[in-house]
Amino acid sequence: MSFLRCNRCKDRPIDMFFDEYLGKKRNKCIRCATIVSTLSFLMGLAIRTMRIPRESFNRVLMTPYWRKGIIATIKGIAYFGASKPIVTGAPLFVVWNFTNRCNLRCKHCYQNAGSTLSNELSTEEALRVVKELSDSDVSSIAFSGGEPLIRKDFFKVANYAKDCGMYVSVATNGTLINKEVAKKLSETVHYVEISIDGATPEVHDDFRGISGSWEKSVAAIRYLKDEGVMVGIATTATKNNLGEIHRIIDLAEQLKVDYFICFNFIPTGRGQEIIKSDLNPIEREKLLKDLYKRLVQNMLNNKKPQVYSTAPQFARVGLEMQRQIMHEMCFVDPNFEPIIPATHYANLLGLTIEMAEFIGGCGAGRVYAAISPEGDVQPCVFMPIKLGNLRKKRFEDIWLHSPVLEELRNRNNLRGGCASCPYKYVCGGCRARAYGYFSDYLMHDPGCIRRLQEDKLEQIQAIRT
């Protein structure tokens, strides 16, 4: 694509355009000058049409990771067209399982973490991968594991990612975070996500496999908040802690945590051993509705934490419940604008179903990818399908040309109940759950209430005929 890389001067006209938009002059060849002029016209038209304040757009462009996200989105349209849902030219979000080593033994661990693998990426290889992701316009990187803080080179690699202009976060069990580590994290990362699976030590420690882990994780949150770090609590919902979810949110509120993320249970890794603990569709639907109510209440009252869920059905629940919530709230706030959880990282005001279809629910292979400790690229951390290894192939080549990702990106490829669902572009079902249950990432998500309803209708029709 000519606006991404000039064949003459080998520079990127799109970077020139953004720099000049912010007042920084760049030397350009004649071809680049023509492209920059065209981009300037098109961007100006788009900003006027969408009524975006120039000052707001300028602030976005001056933030490196937002700028990378905009470029990745433009690249996606150039490579894949204006698809529904959107596919970006580089992942907006990459989760990197930085090591397989862990100091806990969580029952649901997708990585089956324990000891260090013999062929994990070295520090030098990790730094090269960071540079490769940045050059591909990946805007956000999350270090996970295993326990990422166990690796002695974590801060070196994470600091380099930040220097490369990416949004840096870390998903940790929190047990290794003391005052000193919290201080270092405040200087290195933008966000820390700590796993809490019970409102009490008994429930959490049983789930995590090590006594005393709850106390250490809660202490870590306090240390981080004292240092001004943005913190989220991540909870995997199962039958074992379903009754604790709102108490965990209450705990998050007491600790002044910024975000609460309710994770879908995925039967992969050690999670396969506790598959009977998975929520049934009725339990999951009730939980999502309760989470949506809590989300709306907190946002309207300007309270923390903001509530998210990795279940792609959360957007569908929000769209279905907005009229009910508007009816309940109309006498309290006549200007209430419906809040829709577009994805597990964005709650948007006034979202229409058309916009929700564009954002697209499950992001595996569309706006999100994962990297294993050995450097294997995967569609999702919960979907252990090796697309290519970064010791042998460039990340951008894998992202743009993987046959598996091409299948995942086209919702018309879906099978089972998700294929005929009117919300397949809004939600798409969790592809990792489909893979975990059926070994087929295109099958339906068995945890969805709509599938249960369709099965009952089919049974009734069969009886009648």
Between atom OH of Tyr423 and atom CD of Glu357, what is the distance when rounded to the nearest 0.5 Å? 10.0 Å

Distance-minimising heavy-atom pair for Ala161 and Ile141: CB-CG2, 4.0 Å

Keeping Asn389 on the side-chain end and Glu374 on the backbone end, is there a donor-acceptor pair under 3.5 Å? yes

Neighbour count above 12 (heavy atom, 6.0 Å) for Lys289 NZ: no

So, the side chain of Thr73 versus the backbone of Gly69: is there a donor-acceptor pair under 3.5 Å, distance only? yes

Does the Arg366 side chain pair with the main chain of Asn410, one donor and one acceptor, at a distance under 3.5 Å? no

Report yes or no: does Glu120 contribute a side-chain atom to a donor-acceptor pair with the main-chain N or O of Leu117 at less than 3.5 Å? yes

With Arg409 as the cation and Trp399 as the aromatic partner, state whether NZ or CZ is under 6.0 Å from the six-membered ring centre and within 45° of the axis. yes

If you look at every heavy atom in Ala72 and Asp137, which pair is closest and at what distance? CB-O, 3.8 Å

For the residue pair Ile71 and Ile14, what are the closest heavy atoms and their distance? CG1-CD1, 4.2 Å

Enter the distance from Lys107:NZ to Glu273:CD here, rounded to the nearest 0.5 Å. 10.5 Å

Is the gap between the ring centers of His108 and Phe265 under 6.0 Å? no

dist Phe395:CZ -> Arg128:CZ (nearest 0.5 Å) comes out at 12.5 Å

So, Arg394 side chain and Leu390 main chain: donor-acceptor pair closer than 3.5 Å or not? no

Polar side-chain atom of Gln111 near backbone of Gly145 as donor-acceptor pair, under 3.5 Å: no

Going by atom types only, do Tyr425 and Asn412 share a side-chain donor-acceptor pair under 3.5 Å? yes

Rounded to the nearest 0.5 angstrom, the CG-CE distance for Asp163 and Met166 is 10.0 Å

Does the side chain to side chain contact (heavy atoms under 4.5 Å, CB included) test come out yes or no for Tyr79 and Leu400, once each step is laid out? CA-CA 8 Å; Tyr79 280 111; Leu400 295 177; 4.0 Å; yes

Using a strict 4.0 Å threshold on nitrogen-to-oxygen distance, state whether Glu253 and Lys304 make a salt bridge. no

Considering all heavy atoms of both residues, which atom of Gly428 and which atom of Cys418 are nearest to each other, and what is their separation? O-SG, 4.2 Å

Using a 6.0 Å cut-off, check whether atom NZ of Lys256 has over 12 heavy atoms from anything other than its own residue. no

Tell me yes or no: between the side chains of His444 and Arg415, is some donor less than 3.5 Å from an acceptor? no

Under 3.5 Å, is there a donor-acceptor pair linking the side chains of Ser134 and Tyr65? no

Geometric class of the Phe143/Phe154 ring pair [parallel <30°, tilted 30-60°, perpendicular >60°]: perpendicular

Using side-chain heavy atoms (C-beta onward) and a distance below 4.5 Å, is Leu405 in contact with Val87? no

Does the distance from a Lys or Arg side-chain N to an Asp or Glu carboxylate O, for Arg294 and Asp250, drop under 4.0 Å? yes

Please determine which of Arg433, Glu285, Arg316 meets the side-chain contact (heavy atoms from CB on, under 4.5 Å) test together with Cys448. Arg316

Checking side chain to side chain contact (heavy atoms under 4.5 Å, CB included) for the pair Lys393/His401: CA distance, chi angles, key distance, verdict? CA-CA 11 Å; Lys393 298 182 70 174; His401 305 299; over 6 Å; no

Could you tell me whether Tyr308 and Tyr259 have their ring centroids closer than 6.0 angstrom? yes

Only one of Thr172, Leu255, Val257 passes side-chain contact (heavy atoms from CB on, under 4.5 Å) with Ile194, and that residue is Thr172

Verify the distance criterion only: is there a donor paired with an acceptor across the side chains of Tyr437 and Asp445 at less than 3.5 Å? no

Residues His246 and Asp290: closest non-hydrogen pair is NE2-CB, 3.4 Å

Checking Ser213 side chain against Gly209 main chain: does a donor-acceptor pair fall under 3.5 Å? no

Any donor-acceptor pair under 3.5 Å linking the side chain of Arg151 with the backbone of Phe98? yes

Centre of Tyr441's six-membered ring, under 6.0 Å away, within 45 degrees of the axis: is that where NZ or CZ of Arg431 sits? no

N/O donor-acceptor pair under 3.5 Å between Arg450 side chain and Pro422 backbone: no

Find the distance between OG1 (Thr238) and CG (Asn264) and round it off to the nearest 0.5 Å. 12.0 Å

Would you find a donor on one side and an acceptor on the other, under 3.5 Å apart, between the side chain of Ser139 and the backbone of Trp66? no

Test side-chain contact (heavy atoms from CB on, under 4.5 Å), reference Glu147, set Asn100, Thr175, Asn173, output is Asn173

All heavy atoms of Asp258 vs all of Val229, minimum pair found to be OD2-O, 4.0 Å

